Protein chains: 2
Amino acid sequence: MPQTTNPPRLSERSLYLFRSLVEHFIHDGQPVGSRTLARDIGLELSPATIRNIMADLEDMGLLHSPHTSAGRVPTVKGYRLFVDSLLRVHQLNNREIERIAEELNPGHDKQALLKRTSSLLSEITRLAGVVMLPRTEQRSLKRVEFVALSDNRILVILVISDNEIQNRIIHTARVYSSSELQQASNYLNEMFAGKDLPSIRSEILKELKKMKENVNQIMQTAIEMAQQAFMSADTRDDYVLAGQTNLMDVAELCDVERLKKLFDSFNQKRDILHLLEQSIHAKGVQIFIGEEAGYDVLNNCSVVTSPYEVDGHILGVLGVIGPTRMHYERVIPIVDITAKMLGSALNSYN
Amino acid sequence: MPQTTNPPRLSERSLYLFRSLVEHFIHDGQPVGSRTLARDIGLELSPATIRNIMADLEDMGLLHSPHTSAGRVPTVKGYRLFVDSLLRVHQLNNREIERIAEELNPGHDKQALLKRTSSLLSEITRLAGVVMLPRTEQRSLKRVEFVALSDNRILVILVISDNEIQNRIIHTARVYSSSELQQASNYLNEMFAGKDLPSIRSEILKELKKMKENVNQIMQTAIEMAQQAFMSADTRDDYVLAGQTNLMDVAELCDVERLKKLFDSFNQKRDILHLLEQSIHAKGVQIFIGEEAGYDVLNNCSVVTSPYEVDGHILGVLGVIGPTRMHYERVIPIVDITAKMLGSALNSYN
DNA sequence: GTTTTGCACTCTAATTAGGAGAGTGCTAGA
DNA sequence: TCTAGCACTCTCCTAATTAGAGTGCAAAAC
């Protein structure tokens, strides 16, 4: 027996046909019929043959007919196969790469940079762009400063990395003089600068236990303040979303009900955050197609994500949200490169 | 001649009828016919009479028929009359007032409070809530601090009012020691604390001119830094919007095209900002109905705004955006009270 | 054995027609 | 000045029809 057929009956030709169909569908959103396919692909096959093949593909769960006499549409499983094995990823041309590099030059503060990244993703892909903010956990303290405000309140400034600053206001039992505050911050900077927040927290706890023996007033003041400043809830996870409205142009989602649900879940953030977290330890670009993601609101949507990192440390995840019928061959490299460029832009902050 | 008719032929009865019609339409969104009105209002009038009156009202431009055999619908001019002269504003019940007071207690920082206010407006009205952020201009500096970062970069912390902090990063020609920075900030605090930003700017300019004669190194350093810290572009105007998605439930706007345009203009912010600015010096609640506002995207929308103030100084404007067919009698007092409560919440920061 | 042709069949989308319902404007009468 | 009556108009809903696209299957061709 000659080696012509693949294990589950996926001949070279079937795959080629399948790929053409998916590309066709992604291109113009209409179910693809056998006639069209016969005309448009290079192969000299009659529509009938193509129908036979399509019937096989449908049996395998890769295609689906909306109804008897419409053409075929890829299923989630079909998109999966397409994306994993058949996709020909475009190279971005230099203009596009330059554009990204230019827009992500480390100009302003970190928060602004992340916003910019998100907008950039949405502008280039004409879909929704999302950038998950770095968790405080993974970054280290550069410096802490105290500023006395009125009424026992103290402004705590945490400089996390050069371009990221967090402000917190704490309330103290008594009023501290600014020299006391100065001493406290000197002490804390000496002790904690360069360490990451979780370890700072555990050290604070240790110090608190030792407190009774310790009569040094400065240290005591400092640790008391540190407790309030650092022990407060972690800066909650969050993300920046841009270009929601681009999704309103997408035919598949063009129904106010659906869109409202989708937008509501963008606002609640919970589901999207879960999804993004899933890919935080993925290597490179990851793709969630339709129901695969496990969130109903994302049916008919795909999410293309990539973690971004500095010095090998993953800081967060960014990505693009669009219809399952998106131009993966373009979106994937865009997400990939943007993640890398964001990483290096952030790197220059250190 | 008895004093029964108003100048442009608006009898008591016509007005009553008109008000009933508008209320009816606001309630269920359907054009109101003469039969319905005859049935539902207290007056013992036949539909035919009501038709005559409605015809008059239509001639005056207060009503409009979508087509020959639909009922009538108020025009923009009609809404205007309704809102200005006929509206019976509801008193909010205590539960609602308490709710607002509770949510707007000055817990976190100012930014968070404004966000909360915006969400609150949208939740209570089930429409979109918007809060314009205070302009930096109108507030005074409490304190300025410098923190040296790496590479000639200095973190400037402007404490504007106790709970509002702005961070800026400036680049300097040479590296300054932290004691130099300390001296500079002491000097500037002495000089500028308590003054508002525009006057600080003009003083800086004066000082710069005097510079040549002045050989005091500390002052020179300080003024150079101040120049960079304060002269940078004003914190641009901005607003916080919440509950966009509520508008997707509104039947009149339920068309993806329209909604997209509306949302896009929310994102661009320009138009909405212009509109909000218009009412910054209005006394109390102001209402823009449909085309009145002069922005096409806001056709079929009304905006109810009120400035909020502390100590008689207007800080900004907040409001609600919804369909022209909104429950003005509820929305108006909500906007009014929220503005007042926000004012007093902000007041407690001083 | 694979591919093609031919044909009956199915389903959608667009068009048309018919009626029900709501509301109007007008005129004549109370 | 108001009411009653009536013809008229317009929308909305439903049903029926048709054209078009695409399928599946069986028999013929390669």
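Residue numbers start from 1 in every chain, and the chains themselves are labelled A, B, ... in the order their sequence lines are given, proteins ahead of strands. All values derive from a computational prediction rather than experimental measurement. Below, each value reflects all heavy atoms present in this structure, side chains not excepted, and no hydrogens, waters or symmetry copies.
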Subject >> side chain to side chain contact (heavy atoms under 4.5 Å, CB included) partners of A:Ala293, counting only residues at least two apart >> reply: A:Leu275, A:Phe288, A:Tyr295, A:Leu298

Subject >> Atom pair distance, as rounded to whole Å: CD in A:Glu44 and P in D:dC30 >> reply: 16 Å

**OP:** Rounded off to whole Å, could you give me the CG-to-P distance for the A:Asn52 and D:dC25 pair?
**Re:** 9 Å

Original post:
Among side-chain atoms of A:Ser122 and A:Ser119, is any donor-acceptor pair under 3.5 angstrom?
Top reply: no

Original post:
Nearest to the side chain of B:Leu45, which nucleotide is it out of D:dT3, D:dT23, C:dC26?
Top reply: D:dT3

Original post:
Looking only at heavy atoms, what is the nearest atom pair of A:Ser265 and A:Asp271, with distance?
Top reply: CB-OD2, 4.5 Å

Original post:
Under a cut-off of 3.5 Å for both distances of each Watson-Crick or G-U pair, what dot-bracket string does DNA chain C give, using [ ] for crossing pairs and | for inter-strand pairs?
Top reply: ||||||||||||||||||||||||||||||

Original post:
If each of B:Ala55 and B:Ser69 is mapped to the nucleotide of DNA chain C with the nearest heavy atom, which maps nearer the 5' terminus, i.e. the 5' end?
Top reply: B:Ser69

Original post:
Any N or O donor-acceptor pair linking the side chain of B:Thr68 to the base of D:dC10 at under 3.5 Å?
Top reply: no

Subject >> Residue A:Met54, side-chain heavy atoms: nucleotide from D:dG5, D:dT23, C:dT4 that is nearest >> reply: D:dT23

Original post:
Which nucleotide in the set C:dT4, D:dA4, D:dC2 lies at the smallest distance from any side-chain heavy atom of B:Ala48?
Top reply: D:dA4

**OP:** Please evaluate the base of D:dG22 for a donor-acceptor partner in the side chain of A:Arg35 within a cut-off of under 3.5 Å?
**Re:** no

